[in-house]
Amino acid sequence: MGEIDPAFIQSIEHRPKLTFNDPGEIPVIDFSALDRGAVDLLVADIGKACEEWGFFQVINHGVPLNLVRRLEAAMKGFFDQSIDEKRKVKRDESNAMGYHDSEHTKNVRDWKEVLDIAVEDPMVISASPDPEDQELTKYYNQWPEYPPDFREIWKEYAGEVEKLAYKFLELVSLSLGLAGDRLNEFFEGQTSFIRLNHYPPCPSPELALGVGRHEDAGALTVLFQDGVGGLEVKRKNGEWVGVKSIPNAFIINVGDIIQVWSNDKYKSVEHRVVANSEKERFSIPLFFLPAHHVDVKPLEELTDELKNPPKFKDYNWGKFMATRNRSDFKKQAVENIQIHHFKVS
């Protein structure tokens, strides 16, 4: 990625300060409470974290750490290859799974390269954003030839982190006063995918961002990051605070869909990744996403026409995702679709 191209440069108001703000008390949730039978306490802690932060770190999560290390080594092996080798599995507008090195967030190019792999292969998704178009398409995973054990390691990791996502989904549901399995049905035929992120050293970290400011569009994100750091969360007062890396912890954040399902009780929080001039950074998010046919709307159990009317209009997840995917390959003339476009005025 060498010298910085103007496509990477953020507008002045969105450039990072490069001074580390005190992160405050970003909640740390200890999943060993499940083994001790302290489910009610854990549910209360998660509910509070979802309301006040939208982000928290999870320790004692049950994902084998040697498996995480193996995947980290495999992804480094992939990204250390030549650009020609990596582009053998390059994604395009007809198949959004694969390698990509020119992703845009808020119409500014991100200082990163990624490899996206679907949890369910093939991933079934709407063919176009057109509401009248009922055609479906399939995204197929593209597996790198190197490292040779990449596919095996990835599949083992995906199984473990998916279990963690479902465990968290159950706890979120309980924290909203719902049955633990209330939300599971939305993920039959899920469109979830795991992204392997590589952020090379950036010669101008004061101008560019690894990932520009955004909220996650899905239900939730389960992230493992290395010790380099760089993730920042925007607080209610407008300040950006760094998320200090806890060794071997996962970072989980609420996405837009849970914000809608909860009728604004839980918030999807804006976040970004700052670039580093000296060190490369790796991270592995699972974007936990429902099936394409799911109509996203506030849950009936959590709304009341008089006391707490729905704050969002319904939208179809597959069409939403198809609209979003258009901006991955070229700069758009207008703002990409967001949940605030579905806010009831």
Side-chain angles (χ1 to χ4, degrees), residues 89-110 112-142 158 162 165 183 185-197 211-222 253-261 268 270 285-298 312-344:
V89 292
K90 185 171 176 59
R91 76 190 200 203
D92 55 35
E93 293 187 58
S94 64
N95 184 13
M97 294 299 105
Y99 173 77
H100 195 46
D101 61 355
S102 58
E103 189 158 84
H104 289 69
T105 302
K106 306 288 187 186
N107 274 333
V108 181
R109 190 174 171 187
D110 295 328
K112 67 174 181 180
E113 54 182 347
V114 307
L115 179 64
D116 289 344
I117 305 177
V119 172
E120 294 194 2
D121 186 20
M123 178 197 294
V124 180
I125 192 67
S126 300
S128 81
D130 183 354
E132 304 302 320
D133 184 0
Q134 300 302 308
E135 184 180 353
L136 299 175
T137 191
K138 294 178 180 178
Y139 295 162
Y140 291 89
N141 286 336
Q142 301 186 76
E162 184 186 16
L183 306 175
E185 64 180 289
F186 299 125
F187 294 86
E188 295 174 7
Q190 62 181 295
T191 56
S192 307
F193 65 96
I194 291 174
R195 168 167 289 176
L196 307 182
N197 283 316
V211 182
R213 72 199 192 284
H214 68 285
E215 299 162 3
D216 288 350
L220 59 93
T221 303
V222 182
N253 64 278
V254 169
D256 290 348
I257 290 176
I258 285 182
Q259 179 171 339
V260 173
W261 281 340
S268 178
E270 198 169 40
L286 162 68
F287 297 105
F288 200 45
L289 313 175
H292 70 87
H293 56 76
V294 169
D295 288 326
V296 181
K297 58 185 176 181
F312 296 90
K313 294 175 283 189
D314 302 9
Y315 64 91
N316 175 264
W317 171 246
K319 296 300 181 184
F320 186 100
M321 194 175 183
T323 304
R324 276 291 184 93
N325 285 345
R326 292 184 306 174
S327 69
D328 284 351
F329 300 95
K330 57 187 176 183
K331 190 171 181 177
Q332 301 293 311
V334 296
E335 179 189 29
N336 206 348
I337 192 169
Q338 310 286 340
I339 61 165
H340 69 73
H341 295 135
F342 300 95
K343 266 277 195 178
V344 175

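Start at 1 with the first residue, then count along the sequence. Small disclaimer: the values here were computed from a predicted structure and weren't measured.
- With Thr323 contributing its side chain and Pro129 its backbone, the two residues share no donor-acceptor pair below 3.5 Å.
- Using a distance-only test at 3.5 Å, with no hydrogens or angles considered, no donor-acceptor pair links the side chain of Ser126 to the main chain of Ser128.
- Proximity of the aromatic rings of Phe193 and Phe287 is defined here by a centroid distance below 6.0 angstrom, and this criterion is met.
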- [ ] Decide yes or no on side chain to side chain contact (heavy atoms under 4.5 Å, CB included) for Asp110 and His104, but give the supporting numbers first.
- [x] CA-CA 6 Å; Asp110 295 328; His104 289 69; over 6 Å; no
TODO: Dump the intermediate steps for side chain to side chain contact (heavy atoms under 4.5 Å, CB included) on Met97 and Gln142, then the final yes or no.
DONE: CA-CA 7 Å; Met97 294 299 105; Gln142 301 186 76; 5.5 Å; no
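- A distance-only check finds no donor-acceptor pair linking the side chain of Lys313 to the backbone of Val344 [under 3.5 Å].
- Here the straight-line distance linking atom CD1 of Ile194 with atom CD of Glu162 works out to 8.5 Å at 0.5 Å rounding.
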TODO: Please report the C-alpha distance between Leu115 and Val89 in whole Å, then the side-chain angles of each, then the deciding distance to 0.1 Å, and finally whether the side chain to side chain contact (heavy atoms under 4.5 Å, CB included) criterion is met.
DONE: CA-CA 9 Å; Leu115 179 64; Val89 292; 4.2 Å; yes
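- Classification of Lys138 and Glu120 as a salt-bridged pair fails, no side-chain N sitting under 4.0 Å from a carboxylate O.
- Residues Arg213 and Thr105 fail the side-chain proximity criterion, which asks for heavy atoms closer than 4.5 Å.
- When side chains are defined from C-beta on, Pro122 does not count as touching Tyr139, because their heavy atoms never get closer than 4.5 Å.
- Considering Glu215, His214, Arg324 in turn, Arg324 is the only one that fulfils the side chain to side chain donor-acceptor pair (under 3.5 Å) rule with Gln338.
- Taken to the nearest 0.5 Å, the CG atom of Asp295 stands 6.0 Å off from the CG atom of Asp314.
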Task: Test log, rule ring pair (Phe, Tyr, Trp, His ring centres under 6.0 Å), inputs Tyr315 and Phe320 - done: CA-CA 7 Å; Tyr315 64 91; Phe320 186 100; 5.1 Å; yes
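- When side chains are defined from C-beta on, Ile258 counts as touching Leu220, because their heavy atoms get closer than 4.5 Å.
- By the salt bridge (Lys or Arg N to Asp or Glu O under 4.0 Å) test, Glu185 is found to be paired with Arg182, residues two or more places apart in sequence or in another chain being considered.
- With sequence neighbours excluded, no residue forms a salt bridge (Lys or Arg N to Asp or Glu O under 4.0 Å) with Lys297.
- Residues Trp317 and Thr191 form a side-chain contact, since some pair of their non-hydrogen atoms from C-beta on lies under 4.5 Å apart.
- No salt bridge links Asp101 with Lys112; every basic N to acidic carboxylate O contact stays at or beyond 4.0 Å.
- A salt bridge between Arg195 and Glu103 is present, with a side-chain N of the basic residue lying under 4.0 Å from a carboxylate O of the acidic one.
- Residues Pro285 and Asn197 form a side-chain contact, since some pair of their non-hydrogen atoms from C-beta on lies under 4.5 Å apart.
- Between the side chain of Asp216 and the backbone N or O of Gly218 there is no donor-acceptor pair closer than 3.5 Å.
- Two rings, from Phe186 and Trp261, have their centers less than 6.0 Å apart.
- Here the side chain of Asp121 pairs a donor or acceptor atom with the backbone of Asn141 at under 3.5 angstrom.
- At a threshold of 4.5 Å between non-hydrogen side-chain atoms, the residues Leu286 and Ser192 count as touching.
- At distances below 3.5 Å, not a single donor-acceptor pair connects side-chain atoms of Gln190 with backbone N or O atoms of Val119.
- Here the straight-line distance linking atom CG of Leu196 with atom CG of Asp116 works out to 8.0 Å at 0.5 Å rounding.
- No donor-acceptor pair under 3.5 Å is formed between the side chain of His100 and the backbone N or O of Gly98.
- Checked by atom type and distance alone, the side chain of Glu113 never pairs as donor or acceptor with a backbone atom of Tyr99 at under 3.5 Å.
- Side-chain N or O atoms of Asn95 include one that pairs as donor or acceptor with a backbone N or O of Tyr140 at under 3.5 Å.
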Task: Chi angles and distances behind the side chain to side chain contact (heavy atoms under 4.5 Å, CB included) call for Thr137, Ile125 - done: CA-CA 6 Å; Thr137 191; Ile125 192 67; 3.5 Å; yes
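- With values rounded to the nearest 0.5 angstrom, Ser268 atom OG is found 7.0 Å from Asn253 atom CG.
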